[in-house]
Amino acid sequence: MSDLDILTKIPDVKYREPAPEIDASEFQKVIESRRSVRVYTDEPVPEDVMRKCIDNALLAPNSSNLQCWEFYWVRDKEKKKELAKICMGQSAASTAQELVVCVARMDKWKEIQKQMITSFDAQGDVPKGAYTYYQKIVPLAYNQGPLGLFGLLKKLVFFFQGLTKVTPREPTSYNDMRVWAHKTTALGCENLMLSLRAYGYDSCPMEGHDSKRVKKLLNLPKKAEICMVVSAGKRAENGIFSPQVRMPKKQFVFEV
């Protein structure tokens with residue numbers, strides 16, 4: 001079986017998961033009412049709601065199911081207070097009932113790769129192509145080698161290969177891996193924020209923070225990167241500063 005077959009051949013599996021009926025109008029309400037809230041009330045977010053919303057973050061789609069994210073729910077009062085300061089003291093952090101630091105981990109792919117293979121062993125009846133993907137293709141795709149030298153070699157090979165055939169071009173560098181990890185983590189953040197809205201609470205994704213101090217506060221390793229800090233709480237009357245502004249759709253959406 002070629003690498004292309006692994007991606008294109010539909011495996012003969014017995015597993016079935018029918019799609020449930022969804023109330024589209026309720027989902028539309030969640031989407032349209034999600035706003036970046038800057039001021040929250042003193043009403044606490046129930047623990048079970050926060051736990052469910054964080055669980056939902058982990059259900060987000062992610063590249064090769066390598067789950068290169070971590071979510072730090074900051075519950076210690078002193079740490080929460082310090083984190084609000086590190087988030088530039090902005091009201092979205094200082095009035096929040098809860099703060100979640102969302103972290104991209106581009107260095108965790110090997111660990112999850114092994115866990116995926118172990119899960120296949122436990123599950124049984126897994127297509128051979130799935131094993132091949134995680135045993136061969138994942139290491140080839142995500143390994144950049146010492147000093148990024150393997151990534152440079154891949155970049156060169158992919159360039160010449162791409163002259164004559166369709167070729168995946170990334171990731172071939174540490175920066176490509178950063179983009180890869182942050183994309184996945186951002187998908188998880190969106191699940192978290194939409195879940196909060198669905199349960200009647202609000203959120204604000206914050207990039208205004210001192211990332212070095214956030215990492216120190218949480219004792220994160222060097223290779224961990226802060227994607228964003230998400231605050232949560234009940235929307236105050238003055239929690240949204242203006243009507244939502246979106247530029248004309250024709251600037252961003254193209255039918256080709």
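Quantities reported herein were computed from a predicted structural model and do not represent experimental measurements. Start at 1 with the first residue, then count along the sequence.
With sequence neighbours left out, the ring-ring contact (aromatic ring centres under 6.0 Å, His included) criterion links Y133 to no other residue. With sequence neighbours excluded, no residue forms a salt bridge (Lys or Arg N to Asp or Glu O under 4.0 Å) with E190. Looking at residues two or more places apart in sequence or on another chain, you find a salt bridge (Lys or Arg N to Asp or Glu O under 4.0 Å) between D107 and R105. Residues passing the salt bridge (Lys or Arg N to Asp or Glu O under 4.0 Å) test with K29 are E26, sequence neighbours excluded. Considering only residues two or more places apart in sequence or on other chains, K108 meets the salt bridge (Lys or Arg N to Asp or Glu O under 4.0 Å) condition with E111.
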Taking only distance into account, with no hydrogens and no angle test, what donor-acceptor pairs under 3.5 Å do side-chain atoms of residues 145-163 form with protein atoms, sequence neighbours excluded?
{"from": "K154", "atom 1": "NZ", "to": "L140", "atom 2": "O", "distance (Å)": "2.9"}
{"from": "K154", "atom 1": "NZ", "to": "A141", "atom 2": "O", "distance (Å)": "2.7"}
{"from": "K154", "atom 1": "NZ", "to": "N143", "atom 2": "O", "distance (Å)": "3.1"}
{"from": "K154", "atom 1": "NZ", "to": "P171", "atom 2": "O", "distance (Å)": "3.2"}
{"from": "Q161", "atom 1": "NE2", "to": "T167", "atom 2": "OG1", "distance (Å)": "3.3"}

N/O donor-acceptor pairs under 3.5 Å from side chains in residues 79-91, not counting sequence neighbours:
{"from": "K80", "atom 1": "NZ", "to": "Q97", "atom 2": "O", "distance (Å)": "2.8"}
{"from": "Q90", "atom 1": "NE2", "to": "C87", "atom 2": "O", "distance (Å)": "3.0"}
{"from": "Q90", "atom 1": "NE2", "to": "G208", "atom 2": "O", "distance (Å)": "3.0"}
{"from": "S91", "atom 1": "OG", "to": "R38", "atom 2": "O", "distance (Å)": "2.8"}

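With a 4.5 Å cut-off between side-chain heavy atoms of Ile, Leu, Val, Met, Phe, Trp and Tyr, the cluster of M50 takes in V45, V49, I54, L58, W69, F71, W73, V100, L192, M193, L196, Y199, Y201, M228, V230.
Within the structure, every pair that satisfies the salt bridge (Lys or Arg N to Asp or Glu O under 4.0 Å) test and touches residues 197-209, not counting sequence neighbours, is listed here: R197-D202, D202-R235. Applying the ring pair (Phe, Tyr, Trp, His ring centres under 6.0 Å) test to every pair with at least one member in residues 233-256, sequence neighbours left out, gives no pairs at all. Applying the side chain to side chain donor-acceptor pair (under 3.5 Å) test to pairs two or more places apart or on separate chains, none has a residue in residues 238-256. For residues 171-198, the set of pairs meeting the ring pair (Phe, Tyr, Trp, His ring centres under 6.0 Å) definition, not counting sequence neighbours, comprises Y142-W180.
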